[in-house]
Amino acid sequence: MSETFITDGAGGAALRRVGVGKARVVPRGDEERAPATLHDTFDGALAAAGLLLVAAGDGLWLVGLPEGPVHQADAEPGFVQDMNEGPVTAALRPRVPALRRLIPVADATLARQAMALIDDEGKTLVRVAVCAVSTGHGSATVLTLSPLRGYDRPHARLRAALDPLGDPEAALTALRPPAMRYTAKPPVDIAADMPARKAATLLARTHLSVARANERGIVADHDTEFLHDYRVNLRKVRSVVSLFTGVWSEKDTTRLKDRFRALMAPTGPLRDLDVHLLDRDRYMEMVPEALRPGIVALFDDFAKERAAAQAALARHLESDDYAREAAALEALLASAKRLKPGPAADVPVAPFAQDLIWSRYRKVCKRAARIDDATPDEEVHALRIHCKKLRYLMEFFAPVFGPSEVKPLVKALKGLQDTLGAFNDAAVQQDALRAVLERLPRRGAARIEIATSIGALLTVLAQRQAEGRARVASSFAAFDSPETRAGFADLFHRGKEAA
């Protein structure tokens, strides 16, 4: 069975410096070189999986699979679900998120060469396929070893010699321009004894930076995930500002809330339309076939609205006003000392975080326990918001309490969040569709067709909302298990009492 190793460096040089006793690695044929383009998702999904996708003159090469490089002549990178069928597309499908487009990340040179490990009598012991990619930012070599029967020992020695050659993900990431080395959830190093104000500033600064890294992708409209990541990270900044009570002065806290709310506001219309368009196939399945032409017409209108909303947001993000405000907020968060301290500024992070998380956890439990068939929808929506805030706090402070200890609690909370999210989605979609009904022309065949389809959708969504609501109690019961209660108490309550 073949094995793949990835190292930095170009071409067979990576192999020639490997010592395997008296055996040596030699070329088997000439090196083939060609200009190429390196593709990946913006967040480096392929690099994280140890893979390289290279478009050359003879098609696409996917390098780094255990079975060796895969080639497909008739393929154009984009959304994987839209690519022509073939071996590269089939290999990409389970490895690339459906909502992420494969985009060019760097011009490259692709070099391929067959090599072999031979003994001192010239016998081939191991076949090696070398595929090297070089960009203006770095180079990486993918080596695929194919052992021959009867030569297990030299194969094992070569494999052992290759093991320490380097960090595969780092080598592949280095091929990208520095501006595109993106991490959606970068680690934030928060220590237990760090002052709360410093931790808050560090978290806010980090998530603002991640949000801003998505601006160019939103403007270019590569895929919807750029806007999603932008909004998620701005929401995390706003959560830091609103939840970390007392770390900054009341005046500065209010000012930050207002400014980050204003920064995020222009993204709402486009995100709402994106959510609709992503649900197109699901909407089609909800209604009988006879009503689907109305859904097609509805989504044609959504697509037109989206094009206008995307253009408007792109103009906003490229405006001088936006650039000045974003830069000013980055400067404000550049140091903890630029914002005036509040009464909790110097409280160590550990007890500060315990108070925040325990209080929010108890609030979630009390609100969830009260929900029954008579509870107004608004209270169910409020519970969803409280769960989201609790999860953000737990993720922010995971480094303080130990990621392995926090992870099962987050997982338990996510189950409740998923149920509340399904309930909320159905409610929001109904409100949006009713708004569409109000905007439709009062007369005409098109209105009747679209309105009839919307009516059918509203019926199905109302049923799904009711089903989601019925699951809230059971989802909370699963979250409120003895193990989860003990986990929250041990990390965020008893430990504080013992201290």
Measure the spacing between [atom1] of [X] and [atom2] of [Y] and express it to the nearest 0.5 Å.
X: S359; Y: H493; atom1: OG; atom2: NE2; value: 11.5 Å
X: Y230; Y: E215; atom1: OH; atom2: CD; value: 5.5 Å
X: E76; Y: M83; atom1: CD; atom2: CE; value: 8.5 Å
X: R24; Y: M115; atom1: CZ; atom2: CE; value: 11.0 Å

H39 side-chain N/O to T37 backbone N/O, donor-acceptor pair under 3.5 Å: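 Such a contact is found between H39 side chain and T37 backbone.
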Exam field: side chain E32 to backbone L110, donor-acceptor pair closer than 3.5 Å: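 Pair absent, no side-chain N/O of E32 close to backbone of L110.
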Name all residues meeting the ring-ring contact (aromatic ring centres under 6.0 Å, His included) criterion together with [X]; count only those two or more places apart in sequence or in a different chain, and write none if there are none.
X: F396; value: H207
X: F476; value: none
X: Y361; value: W358, F488

Give a yes or no on whether [X] atom [atom1] has more than 12 heavy-atom contacts from other residues, nucleotides or ligands under 6.0 Å away.
X: D189; atom1: CG; result: no
X: D346; atom1: CG; result: no
X: R282; atom1: CZ; result: yes
X: D30; atom1: CG; result: no
X: R231; atom1: CZ; result: yes

Partner of R306 under side chain to side chain donor-acceptor pair (under 3.5 Å), chosen from T224, D272, D274: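 Between R306 and the candidates, side chain to side chain donor-acceptor pair (under 3.5 Å) is satisfied uniquely by D274.
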Decide yes or no for [X] and [Y]: does some side-chain heavy atom of the first lie under 4.5 Å from some side-chain heavy atom of the second?
X: H276; Y: Y283; result: yes
X: K388; Y: Q417; result: yes
X: R216; Y: F226; result: no
X: L227; Y: L270; result: yes
X: R362; Y: C365; result: yes
X: T206; Y: P186; result: yes
X: Y182; Y: V210; result: yes
X: T144; Y: V128; result: no

Checking [Y] against [X]: is there a side-chain donor and acceptor pair closer than 3.5 Å?
X: R28; Y: T124; answer: yes
X: T173; Y: R181; answer: no
X: T484; Y: S481; answer: yes
X: D279; Y: Q429; answer: yes

Residues in side-chain hydrogen bond (donor to acceptor under 3.5 Å, both in side chains) contact with [X], at least two apart in sequence or another chain:
X: S475; result: T419
X: T135; result: none
X: H386; result: R360, R367

Any pair counted as ring-ring contact (aromatic ring centres under 6.0 Å, His included), so long as it reaches residues 43-74, sequence neighbours left out: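 ring-ring contact (aromatic ring centres under 6.0 Å, His included) check on residues 43-74 returns W61-H71.
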Of all pairs that satisfy ring-ring contact (aromatic ring centres under 6.0 Å, His included), the ones with a partner from residues 96-120, not counting sequence neighbours: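 For residues 96-120: none.
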Can you give each donor-acceptor pair under 3.5 Å made by side-chain atoms of residues 84-108, sequence neighbours left out, with the distance rounded to 0.1 Å?
{"residue": "N84", "atom": "ND2", "partner": "D74", "partner atom": "O", "Å": "3.4"}
{"residue": "N84", "atom": "ND2", "partner": "D74", "partner atom": "OD1", "Å": "3.2"}
{"residue": "N84", "atom": "ND2", "partner": "D74", "partner atom": "OD2", "Å": "3.2"}
{"residue": "E85", "atom": "OE1", "partner": "R93", "partner atom": "NH2", "Å": "3.3"}
{"residue": "E85", "atom": "OE2", "partner": "R93", "partner atom": "NH2", "Å": "2.9"}
{"residue": "T89", "atom": "OG1", "partner": "Q72", "partner atom": "OE1", "Å": "3.4"}
{"residue": "T89", "atom": "OG1", "partner": "Q72", "partner atom": "NE2", "Å": "3.4"}
{"residue": "T89", "atom": "OG1", "partner": "N84", "partner atom": "O", "Å": "2.5"}
{"residue": "R95", "atom": "NH1", "partner": "A91", "partner atom": "O", "Å": "2.7"}
{"residue": "R100", "atom": "NH1", "partner": "D223", "partner atom": "OD1", "Å": "3.2"}
{"residue": "R100", "atom": "NH2", "partner": "D229", "partner atom": "OD2", "Å": "3.2"}
{"residue": "R101", "atom": "NE", "partner": "H222", "partner atom": "O", "Å": "2.6"}
{"residue": "R101", "atom": "NH2", "partner": "H222", "partner atom": "O", "Å": "3.3"}

Ionic contact status for K407 with E405, cut-off 4.0 Å: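 A salt bridge is absent here (no side-chain N lies under 4.0 Å from a carboxylate O).
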Evaluation steps, side-chain contact (heavy atoms from CB on, under 4.5 Å), between H316 and L313: CA-CA 5 Å; H316 167 71; L313 183 56; 4.1 Å; yes
Residue pair F423, R471: steps toward the side-chain contact (heavy atoms from CB on, under 4.5 Å) verdict: CA-CA 9 Å; F423 172 85; R471 289 195 297 269; over 6 Å; no
Minimum heavy-atom distance L416-C387, with the two atoms named: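 It is CD2-SG, 3.8 Å.
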Closest approach of Y322 to L317 (non-hydrogen atoms, all atoms of both residues):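 Taking every non-hydrogen atom into account, CD2-O, 3.4 Å.
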Side-chain donor/acceptor pairs under 3.5 Å, residues 328-339, sequence neighbours excluded:
{"residue": "E330", "atom": "OE1", "partner": "R212", "partner atom": "NH1", "Å": "3.0"}
{"residue": "S335", "atom": "OG", "partner": "K337", "partner atom": "N", "Å": "3.2"}
{"residue": "R338", "atom": "NH1", "partner": "A331", "partner atom": "O", "Å": "3.0"}

Let me have the donor-acceptor pairs involving side chains of residues 40-56, under 3.5 Å, with sequence neighbours excluded, atom names and distances please.
{"residue": "D40", "atom": "OD1", "partner": "A45", "partner atom": "N", "Å": "3.4"}
{"residue": "D40", "atom": "OD1", "partner": "L46", "partner atom": "N", "Å": "3.0"}
{"residue": "D40", "atom": "OD2", "partner": "A47", "partner atom": "N", "Å": "3.1"}
{"residue": "D40", "atom": "OD2", "partner": "R176", "partner atom": "NH1", "Å": "3.4"}
{"residue": "T41", "atom": "OG1", "partner": "D43", "partner atom": "OD1", "Å": "2.7"}
{"residue": "T41", "atom": "OG1", "partner": "G44", "partner atom": "N", "Å": "3.4"}
{"residue": "T41", "atom": "OG1", "partner": "A45", "partner atom": "N", "Å": "2.8"}

Within residues 389-398 or reaching into it, pairs that qualify as salt bridge (charged side-chain N to carboxylate O under 4.0 Å, His left out) - sequence neighbours excluded: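 Matches after skipping sequence neighbours: R391-E395.
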Step-by-step side-chain contact (heavy atoms from CB on, under 4.5 Å) determination, V63 to V133: CA-CA 10 Å; V63 185; V133 176; 5.9 Å; no
Test log, rule ring pair (Phe, Tyr, Trp, His ring centres under 6.0 Å), inputs F244 and F397: CA-CA 12 Å; F244 286 43; F397 294 117; 5.3 Å; yes
Verdict with reasoning, R238 to M264, per side-chain contact (heavy atoms from CB on, under 4.5 Å): CA-CA 10 Å; R238 293 175 64 187; M264 190 168 175; 3.5 Å; yes
